[in-house]
Enquirer: 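Here it is, the structure in full.
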Amino acid sequence: MQFTLPEIGFVRLSEVLMVIPVKKSCWWDGVKTGRFPKPVKLSTRCTAWRAEDIRALIKRLSEDSVTGISRS
């Protein structure tokens with residue numbers, strides 16, 4: 001299944017994990033440490049991320065892989 005990240009709006013965790021291939025526990029650890037963007041609570045049971053933040057993360061990670069910088 002192919003997922004296209006929207007330019008603007010919100011994406012749920014399952015959609016984020018389609019473009020950032022890590023396990024859920026790794027993602028949540030990254031959110032806690034600040035490596036990954038903070039989520040937005042849309043309701044009491046609905047958490048999402050701004051598509052713009054995920055696009056910025058992809059850009060940063062790709063730049064880091066080119067330069068060899070690790071931001072662990």
Side-chain angles (χ1 to χ4, degrees):
M1 181 177 178
Q2 187 173 354
F3 173 73
T4 303
L5 190 64
E7 291 292 324
I8 59 171
F10 296 99
V11 290
R12 301 289 304 271
L13 182 57
S14 60
E15 297 165 329
V16 171
L17 298 180
M18 288 182 189
V19 293
I20 308 290
V22 297
K23 294 187 178 204
K24 280 188 200 181
S25 58
C26 179
W27 177 261
W28 283 112
D29 287 344
V31 168
K32 187 183 292 187
T33 63
R35 180 173 186 200
F36 299 142
K38 299 272 185 227
V40 175
K41 289 293 276 184
L42 300 178
S43 69
T44 55
R45 296 186 60 195
C46 184
T47 301
W49 282 261
R50 293 177 56 233
E52 302 95 310
D53 292 344
I54 301 303
R55 287 186 172 278
L57 172 64
I58 292 168
K59 182 177 179 186
R60 189 188 85 220
L61 292 174
S62 66
E63 289 170 352
D64 290 353
S65 69
V66 169
T67 61
I69 297 172
S70 175
R71 298 181 192 209
S72 300

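Predicted model, so just to flag it, every value in this text is computed and none were measured.
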Enquirer: Linking I/L/V/M/F/W/Y whenever their side-chain heavy atoms sit closer than 4.5 Å, directly or via other members, would Val40 and Trp49 fall into one cluster?
Expert: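 No, separate clusters.
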
Enquirer: Roughly how far, to the nearest 0.5 Å, is CG of Leu13 from CE of Met18?
Expert: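 The CE atom of Met18 sits 10.5 Å away from the CG atom of Leu13.
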
Enquirer: Go through the structure and list residues passing salt bridge (charged side-chain N to carboxylate O under 4.0 Å, His left out) with Arg55, not counting sequence neighbours.
Expert: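 Testing Arg55 for salt bridge (charged side-chain N to carboxylate O under 4.0 Å, His left out), a comparison that skips the adjacent residues, returns Glu7.
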
Enquirer: For residues 20-34, tabulate all N or O donor-acceptor pairs below 3.5 Å that involve a side-chain atom, not counting sequence neighbours.
Expert:
| residue | atom | partner | partner atom | Å |
| --- | --- | --- | --- | --- |
| Thr33 | OG1 | Asp29 | O | 3.2 |
| Thr33 | OG1 | Gly30 | O | 3.3 |

Enquirer: State whether the side chain of Lys59 and the backbone N or O of Ser62 hold a donor-acceptor pair below 3.5 Å, judged by distance alone.
Expert: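 Side chain of Lys59 to backbone of Ser62: no pair is present.
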
Enquirer: For residues Ala51 and Pro6, report the shortest heavy-atom separation together with the two atoms involved.
Expert: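 Closest pair (atom of Ala51, atom of Pro6, distance): CB-O, 3.4 Å.
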
Enquirer: Say you draw a straight line from CD of Glu15 to CG of Leu5; how long is it, rounded to the nearest 0.5 Å?
Expert: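 Going from CD on Glu15 over to CG on Leu5, the span is 8.5 Å.
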
Enquirer: So, taking the atom named OG1 in Thr47 and the one named CZ in Arg12, what distance separates them when rounded to the nearest 0.5 Å?
Expert: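 That separation rounds to 7.0 Å.
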
Enquirer: Using the rule that two of Ile, Leu, Val, Met, Phe, Trp, Tyr join whenever any of their side-chain heavy atoms come within less than 4.5 Å, decide whether Leu42 and Ile54 are in one cluster.
Expert: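 No, it is not one cluster - the side chains of Leu42 and Ile54 are not joined through contacts under 4.5 Å.
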
Enquirer: Does any part of the side chain of Arg50, heavy atoms only, come nearer than 4.5 Å to the side chain of Lys38, both counted from C-beta?
Expert: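 The answer is no; the side chains never approach within 4.5 Å.
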
